[in-house]
Q: 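The structure follows.
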Amino acid sequence: ARSDSLPRSLAGKRVVVSAGGTREPLDPVRYLGNRSSGKQGYALARVAAQRGAQVTLVSAHTVALPEPAGVDIVHVGTALELRDAVHKAAADADIVVMAAAVADFRPVTTATHKIKKSDRDPDPVALTRNPDVLAELVQARAAGRLPASQVIVGFAAETGDESGDVLTHARAKLARKGCDLLVVNAVGEGQAFEVEDNSGWLLAKDGQERPIALGSKAQMAAEIWDFVHS
Ligand code: CTP
Ligand code: CA
């Protein structure tokens, strides 16, 4: 990690950031979604552009956010669309940050017409797995289909439970995903979702662990970029 606090330049770097939450359609008017606001991903894209990076922001659904200046934005809906956009943009990227909340599952079928209610009980919704985009990036890099020097960053929102605390789960996720850095948000009462302030840890593949101070998502973005290009 860096010893001084000056932001080093990202000038000349190609950066891809995914943000927001995917929506998996059930019919033309309904979807399975999540509460991601997109604020952290947008803050990361904005700060990277301010530091001179060439930024592609792959944006799934977000709350109303201003488009960061000087950033190429690709809007996507579903996890499959996000996957295509991220893989395309990652081909020549130096750094890929997966801040999006990608739905783990999608409905097996999408009805072409609005599902109508009737007198009988509704059918259960059958789900199938979505691809793990982050894990695919790590595999693609290992297979030589992405630059070997590419830095791949994941996010995890974790709670403690009976099988371990937040950090225990996060270390296991870092190992499972194989990414270079995992940004861990501790989630619980009033934390991480739909709020301005966040707290957590940065866990690196080489074993470095650094707490991130409670602060705005812009401050966290600055800390994350400091760590990535240190
Ligand atoms: N991710 C992804 N594709 C998915 C699911 C997750 O690329 N289908 C990425 C997220 O963008 C994030 C990281 O993987 O950077 C961790 O997401 P998370 O949901 O915490 O991990 P999962 O492996 O899905 O585990 P969990 O069972 O805890 O949801
Ligand atoms: Ca998940």
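Numbers here are sequence positions counted from 1. Ligands are counted one by one from 1 in listed order, and the atoms in each one are counted from 1 as well.
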Q: Quick check: does M98 get an N/O under 3.5 Å from an N/O on ligand 1?
A: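 Yes, M98 has an N/O under 3.5 Å of an N/O on ligand 1.
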
Q: Going by distance only, is there an N or O of P131 that falls short of 3.5 Å from an N or O of ligand 1?
A: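 Yes, at least one N or O pair falls under 3.5 Å.
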
Q: Of D132, V184, T22, which has the heavy atom at the shortest distance from atom 1 (N) of ligand 1?
A: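 Selected option, by shortest heavy-atom distance: D132.
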
Q: Please report the shortest heavy-atom distance between V86 and V96, naming the atom on each side.
A: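 Looking at all heavy atoms of both residues, the shortest contact is CG1-CG1, 4.3 Å.
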
Q: Quick check on contacts: which atoms of ligand 1 are under 4.0 angstrom from a heavy atom of G154?
A: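 Reading through ligand 1 atom by atom, the close ones are 15 (O).
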
Q: So, for atom 27 (O) of ligand 1, does the protein have a heavy atom nearer than 4.0 Å?
A: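 No, because not a single protein heavy atom sits under 4.0 Å from atom 27 (O) of ligand 1.
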
Q: With a 4.0 Å cut-off, would you call R14 and D94 a salt bridge?
A: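 Between D94 and R14 there is no salt bridge, as every charged N stays at least 4.0 Å from the carboxylate O atoms.
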
Q: Please set out all donor-acceptor pairs under 3.5 angstrom arising from side-chain atoms of residues 148-157, sequence neighbours excluded.
A:
from : atom 1 : to  : atom 2 : distance (Å)
Q150 : NE2    : A90 : O      : 2.9
Q150 : NE2    : A93 : O      : 2.9

Q: Could you tell me whether F155 and ligand 1 have an N or O pair separated by under 3.5 Å?
A: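 N/O-N/O distance below 3.5 Å exists for this pair.
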
Q: Cut-off 3.5 Å, side chains only: do Y31 and T78 have a donor facing an acceptor?
A: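 Checked: Y31/T78 side chains show no N/O donor-acceptor pair below 3.5 Å.
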
Q: Taking all atoms of both residues into account, what is the closest heavy-atom pair of L137 and M98, and its distance?
A: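 For L137 versus M98, the nearest heavy atoms are CD1-CG, 4.1 Å.
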
Q: So which heavy atom in the protein is nearest atom 9 (C) of ligand 1, and how far is it from that ligand atom?
A: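 Residue, atom and distance for the closest contact: L134 CB, 3.9 Å.
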
Q: Apply side chain to side chain contact (heavy atoms under 4.5 Å, CB included) to K116 and list each qualifying residue two or more places apart in sequence or on a separate chain.
A: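 Here no residue qualifies.
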
Q: Does the distance from a Lys or Arg side-chain N to an Asp or Glu carboxylate O, for R141 and D180, drop under 4.0 Å?
A: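 Yes, charged N to carboxylate O under 4.0 Å.
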
Q: Give a yes/no on ligand 1: does A79 have at least one heavy atom closer than 4.0 angstrom to it?
A: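 Contact check A79 vs ligand 1: negative.
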
Q: Report yes or no: does K177 have a heavy atom closer than 4.0 Å to ligand 1?
A: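 So K177 counts as touching ligand 1.
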
Q: Do you know the tightest heavy-atom contact between S59 and Y42?
A: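 Nearest pair, atom of S59 first, then Y42: OG-OH, 2.8 Å.
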
Q: For atom 5 (C) of ligand 1, what is the nearest protein heavy atom, given as residue, atom name and distance?
A: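 Minimum-distance protein heavy atom for atom 5 (C) of ligand 1 reads D104 OD1, 3.6 Å.
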
Q: Which N, O or S atoms belonging to the protein are less than 3.0 Å from the Ca ion (ligand 2)?
A: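 The answer, once waters are left aside, is D104 OD1, D104 OD2.
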
Q: Give the minimum heavy-atom separation between L174 and C179, together with the two atoms involved.
A: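 L174 and C179 have their closest heavy atoms at CD1-O, 3.5 Å.
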
Q: Check this for me - ligand 1, A100, N or O atoms closer than 3.5 angstrom, yes or no?
A: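 Yes - when backbone and side-chain N and O of A100 are compared with those of ligand 1, one distance drops under 3.5 Å.
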
Q: Indicate every side-chain donor-acceptor pair of residues 104-112 with a distance under 3.5 Å to a residue at least two apart or in another chain.
A:
from : atom 1 : to   : atom 2 : distance (Å)
R106 : NH1    : R129 : O      : 3.2
R106 : NH1    : N130 : OD1    : 2.7
T110 : OG1    : P25  : O      : 3.2

Q: Which heavy atom of the protein is the closest neighbour of atom 3 (N) of ligand 1, given with residue, atom name and distance?
A: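 Checking every protein heavy atom, the shortest distance to atom 3 (N) of ligand 1 gives V133 N, 3.0 Å.
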
Q: Decide whether an N or O pair under 3.5 Å exists between K173 and ligand 1.
A: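 Yes, there is a polar N/O contact under 3.5 Å.
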
Q: Taking side chain as C-beta onward, heavy atoms only, is D72 less than 4.5 Å from V55?
A: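 Answer no - side chains too far apart.
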
Q: Would you say H169 and D161 are linked by a side-chain donor-acceptor pair, where the criterion is simply a distance under 3.5 Å?
A: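 Yes, because at least one side-chain N or O of D161 sits under 3.5 Å from a partner of the opposite role on H169.
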
